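The block underneath contains the structure these notes are about, expressed in structure tokens.
Small disclaimer: the values here were computed from a predicted structure and weren't measured.
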Amino acid sequence: MNQYDDCWLRYERVTENDRLESYRRRCRHAYVAEKAPEHGAIRDELRRALPDLLGTEPHFWQHPPTTADGFLAIGTPEDMTMIADSVPADDIAELSSGGYLIRSVTWNGLDCLVVTATTDRGLVYGTFHLLRLLNVRESIGDLEVRQDPAYENRLLNQWDTPFHRSVERGYGGESIFDWERLPDLRTRYEDYARLLASVGINGIVLNNVNTTKPARASANAAFDEFEGWQLLESRRLEDLTGLASVFRRYGIRPYLSVNFASPMLVGDLDTADPLDKDVQAWWRRKADEVYDLLPDFGGFLVKADSEGQPGPYDYGRDHVTGANAIAQALKPHGGRVWWRAFVYGSHEDRAVQAYDTFEPLDGDFADNVTVQIKNGPIDFQPREPVSPLFGALSETAIGMELQITQEYTGQGVHATYHLPMWKEVFEFDTHADGAGTPVKSLLRGDEQGIVGVGNVGEDYNWTGHYLAQANLYAFGRAAWSPDLSVETVTDEWVRQTFGADETVGDVIKDILRRSWEACIDYETGGLGLLHMMHNGEEHLENHYYPSPEEWPGYHGASEDGIGVDRTESGSGYVAQYPEPIADRYGSVERCPEELLLFFHHLPWDHELEDGTTVVQRLYDNCFAGVDEVKRLRERWHALEGRVDERRHRHVAERFDEQVSNAQRWRDALTAYFREYSGIPDERGRVRRDE
Ligand code: GCU
């Protein structure tokens, strides 16, 4: 990866002598299976990593090594008798697809290391895990690591707009995918696959959920532009085979976002009615063709009846009918439809819609349909309550969609770490099955899983901001194991990305740990308000600047108060939660302060628990958020000389932009609150816009 930043796959030379010696003893010689494409990827990774880490080329043996040192053996027990000898079948029989075992063993008197699994994909993950241990200088003398992913589906949604070289809500530069040049491949594809596989991601939806321009989404419009729906055309599918084979070596299955009206756009039918026999047959033929070319294809992702995309409503059908018509085509191939629950339009309170639409359909979706639900009921805001759909669909396979890219949290400019937010969501008790039913417990099984909207682009550092690499890393790790603590994941990332200097590590961890709350404070005031951003046409400014006046319905500011009444006297949204959640959120006294104004419209001078008024708390939080970011910037500055110049300067510059944007948010919001409330800031900081 020399042309681009290595992110967390840096492999810097081990200088600690005792570690170096023990790593060399067990890893300089390697004996790696050679039967599957994944094995080739493993060898390549060892060839990249070991010379850099150990200062010496690995010696790959064709047969069990006969050496004075020990060796590293990677394969399934069927691949190698040495592994079958060292790991009794029972020891790995229970591992799921993707699980692995890393064990230090003595074999023929030699100190060896075994990475084994029941699947080739598991071997890839095991290898990356081992390299992570070397990267953070863990002892490997006595290893017994057994890992199984919590979720079968750990998918990346690439919101790539094919042929336009852009990524919707992508802040890391242009798209890395050069669609026009496929089947030609770029080394960057492999590096991307490595990054994803190293954190356990096993599927990638290659294109944007928006597959037509909304203005052209009507079933009768002329579709004459290159758009994502075209990827289902035969010649485009053929072009994809090479790209898919790159990902295949890393255990990553390809998926496509498809347009509901594909039978008309790609095919020549005059309807996409899901009950039409010709439409169903078209989807079957298309699925057969896809699987002929891409045998490990994962399935189709569909955004239907949302933001101008066509869908079953165009034909008076519901989402079940729409999803099942496509699912029946994928079924013989083991493919799956990921059907998004992100639909809105008809309700005055948008929060209500997803549950209203999907809860009545519970139990009717085909078993190879997964309903993909955003973490909150609105749209990836800095903080939202958890969507009540989690826990409401007990008879439906569900997936949770998180946003890795920072659409509403400062884009590629602000250092905003999403893992603490995701952790909060994973741990949220839905009470679906009585107390103690956290979201994370609802997503298990072959049909369910976690989906992240990606943040990678053509920038040298991949994600627009060096620290945003942490969000991609953390997403993969959390999707692998939502039980991992924020501290553990962050520590792993920091040590691999910035090395062993503890001062550096402590500062960066502090920045990441505090960044999300700071963003909430300056972008919302911290009491549950949201969606107050500018929605201009300019690509990079959209959703970046404040503009509360554009969105009165989302924050409910009026002369008598602020917040949105979502209780029974308002939109009634709160009743979508089971008890005791509905009761807690529905009560002004018991509603957690950080969500108070999401659920309640309250007088500006309503007193919070500590006696502060609502408006004063909003002022205070907005100021506190900016102060916090300034403090974090200072902390980063103090690392000058300890972090390489390139990264240090880049992040320092981003912090300058962040501080100025945070101030803009603070000033716009506080002026707006001041204007409406007519109540001055007790501390005299807020000027009234005359
Ligand atoms: C948000 C986002 C869009 C995206 C949509 C979706 O509204 O701003 O860019 O298309 O979510 O998730 O479908």
Side-chain angles (χ1 to χ4, degrees), residues 4-5 7-9 151 153-162 164-179 186 188-211 228 231 243-244 246-247 250-257 298-299 301 303 338 340 342 372 374-375 379-380 399-413 416-419 421-422 449-480 493 539-540 543:
Y4 298 100
D5 188 57
C7 298
W8 52 89
L9 299 177
Y151 307 115
N153 297 292
R154 305 175 300 279
L155 309 185
L156 206 286
N157 281 189
Q158 187 82 19
W159 279 3
D160 202 288
T161 309
H164 289 258
R165 224 49 216 274
S166 65
V167 183
E168 183 164 349
R169 312 306 181 192
Y171 309 103
E174 290 190 338
S175 161
I176 66 168
F177 292 124
D178 195 344
W179 299 92
R186 309 177 63 206
R188 199 145 166 91
Y189 303 158
E190 182 172 21
D191 289 337
Y192 191 31
R194 294 171 54 223
L195 288 172
L196 298 183
S198 72
V199 291
I201 289 168
N202 66 355
I204 179 165
V205 182
L206 292 163
N207 59 318
N208 191 349
V209 288
N210 293 314
T211 49
L231 295 184
L243 183 59
V246 171
F247 283 112
Y250 292 88
I252 300 170
R253 301 172 76 175
Y255 295 66
L256 288 176
S257 291
L301 172 63
K303 170 173 177 173
W338 289 73
R340 295 179 86 226
F342 182 70
Q372 182 168 315
K374 289 190 184 185
N375 59 280
D379 189 17
F380 300 133
M400 177 159 69
E401 182 178 314
L402 304 170
Q403 208 180 38
I404 306 169
T405 193
Q406 296 167 233
E407 177 178 356
Y408 298 99
T409 54
Q411 306 190 346
V413 178
T416 313
Y417 187 39
H418 286 181
L419 184 60
M421 162 167 60
W422 298 335
I450 307 292
V451 178
V453 178
N455 63 345
V456 153
E458 190 59 16
D459 279 5
Y460 172 82
N461 64 24
W462 294 84
T463 51
H465 191 310
Y466 278 100
L467 300 185
Q469 295 171 357
N471 283 329
L472 182 57
Y473 184 87
F475 169 77
R477 298 293 287 135
W480 181 276
W493 178 78
H539 165 59
L540 285 174
H543 295 186

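- Without hydrogens or angle criteria, Asn461 side chain to Gly464 main chain gives a donor-acceptor distance under 3.5 Å.
- Pairing each heavy atom of Gln469 with each of Trp8, the nearest pair is O-CZ3, 3.5 Å.
- Smallest separation of non-hydrogen atoms from Ala478 and Tyr151: O-CE1, 4.4 Å.
- Put simply, CZ on Arg169 and CD on Gln406 are 14.0 Å apart, with the number rounded to the nearest 0.5 Å.
- At a cut-off of 3.5 Å, with distance as the only test, a side-chain donor of Tyr192 or Gln158 sits close to an acceptor on the other residue.
- Taking all atoms of both residues into account, the shortest heavy-atom contact from Ala479 to Ile450 is CB-CB, 3.9 Å.
- For the atom pair CG of Leu231 and CG of Asn208, the computed distance is 10.5 Å after rounding to the nearest 0.5 Å.
- When every heavy atom of Asp459 is checked against every heavy atom of Tyr171, the shortest pair comes out as OD2-O, 4.2 Å.
- For Ser257 (side chain) and Asn207 (main-chain N/O), a donor-acceptor pair under 3.5 Å exists by modelled atom type.
- A centroid separation of less than 6.0 Å is found between the aromatic rings of Phe177 and Tyr189.
- In plain terms, the two heavy atoms of Tyr417 and Ala474 that are nearest each other are OH-CB, 3.8 Å.
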Could you walk me through whether Leu467 and Trp493 pass the side-chain contact (heavy atoms from CB on, under 4.5 Å) test, one step at a time?
-> CA-CA 10 Å; Leu467 300 185; Trp493 178 78; 4.0 Å; yes
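- Here the side chain of Trp462 pairs a donor or acceptor atom with the backbone of Asp5 at under 3.5 angstrom.
- We find the CE-CG distance between Met400 and Asn153 to be 13.5 Å, quoted to the nearest 0.5 Å.
- In this structure, Leu156 and Gly454 approach most closely via the heavy-atom pair CD1-CA, 3.9 Å.
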Please assess Gln403 against Asp379 for the test side-chain hydrogen bond (donor to acceptor under 3.5 Å, both in side chains), listing each intermediate value before the final yes or no.
-> CA-CA 9 Å; Gln403 208 180 38; Asp379 189 17; 5.7 Å; no
Worked verdict on Asp191 versus Arg188 for salt bridge (Lys or Arg N to Asp or Glu O under 4.0 Å) = CA-CA 5 Å; Asp191 289 337; Arg188 199 145 166 91; over 6 Å; no
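- Expressed to the nearest 0.5 Å, how far CG of Leu301 lies from CG of Asn157 amounts to 5.0 Å.
- Looking at Gln411 and Glu407, their side chains never bring a donor and an acceptor atom within 3.5 Å of each other.
- Between Tyr4 and Tyr460, the ring planes lie tilted relative to each other; the angle falls in the 30° to 60° range.
- Atom-to-atom distance recorded for Leu195:CG and Leu9:CG is 5.0 Å, nearest 0.5 angstrom.
- In this structure, Trp338 and Tyr255 have perpendicular ring planes: the angle between them is above 60°, well past the 30° mark.
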CA sep, side-chain torsions, deciding dist, call: Asn202, Arg253, side-chain contact (heavy atoms from CB on, under 4.5 Å) | CA-CA 6 Å; Asn202 66 355; Arg253 301 172 76 175; over 6 Å; no
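- Ionic pairing of Asp178 and Arg186 is not present here: no N-O contact between side-chain nitrogen and carboxylate oxygen is shorter than 4.0 angstrom.
- Checked by atom type, the side-chain pair Tyr250/Glu190 shows a donor-acceptor distance below 3.5 Å.
- No donor-acceptor pair closer than 3.5 Å links the side chain of Thr161 to the backbone N or O of Val167.
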Evaluation steps, side-chain contact (heavy atoms from CB on, under 4.5 Å), between Asn471 and Thr463 | CA-CA 9 Å; Asn471 283 329; Thr463 51; over 6 Å; no
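- Gln372 and Glu401 are linked by a side-chain donor-acceptor pair at a separation below 3.5 angstrom, with hydrogens and angles left out of the test.
- For the atom pair OG1 (Thr211) and CG (Leu256), the distance works out to 10.5 Å, reported to the nearest 0.5 Å.
- For Asp160 and Ser175, the side-chain atoms include at least one donor-acceptor pair closer than 3.5 Å.
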Evaluation steps, side-chain contact (heavy atoms from CB on, under 4.5 Å), between Val456 and Leu472 | CA-CA 8 Å; Val456 153; Leu472 182 57; 3.7 Å; yes
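- Contact of the Val453 side chain with the Phe380 side chain is registered, since non-hydrogen atoms from C-beta on lie closer than 4.5 Å.
- Counting only residues at least two apart or in different chains, salt bridge (Lys or Arg N to Asp or Glu O under 4.0 Å) contacts with residues 463-480 comprise Arg477-Glu492.
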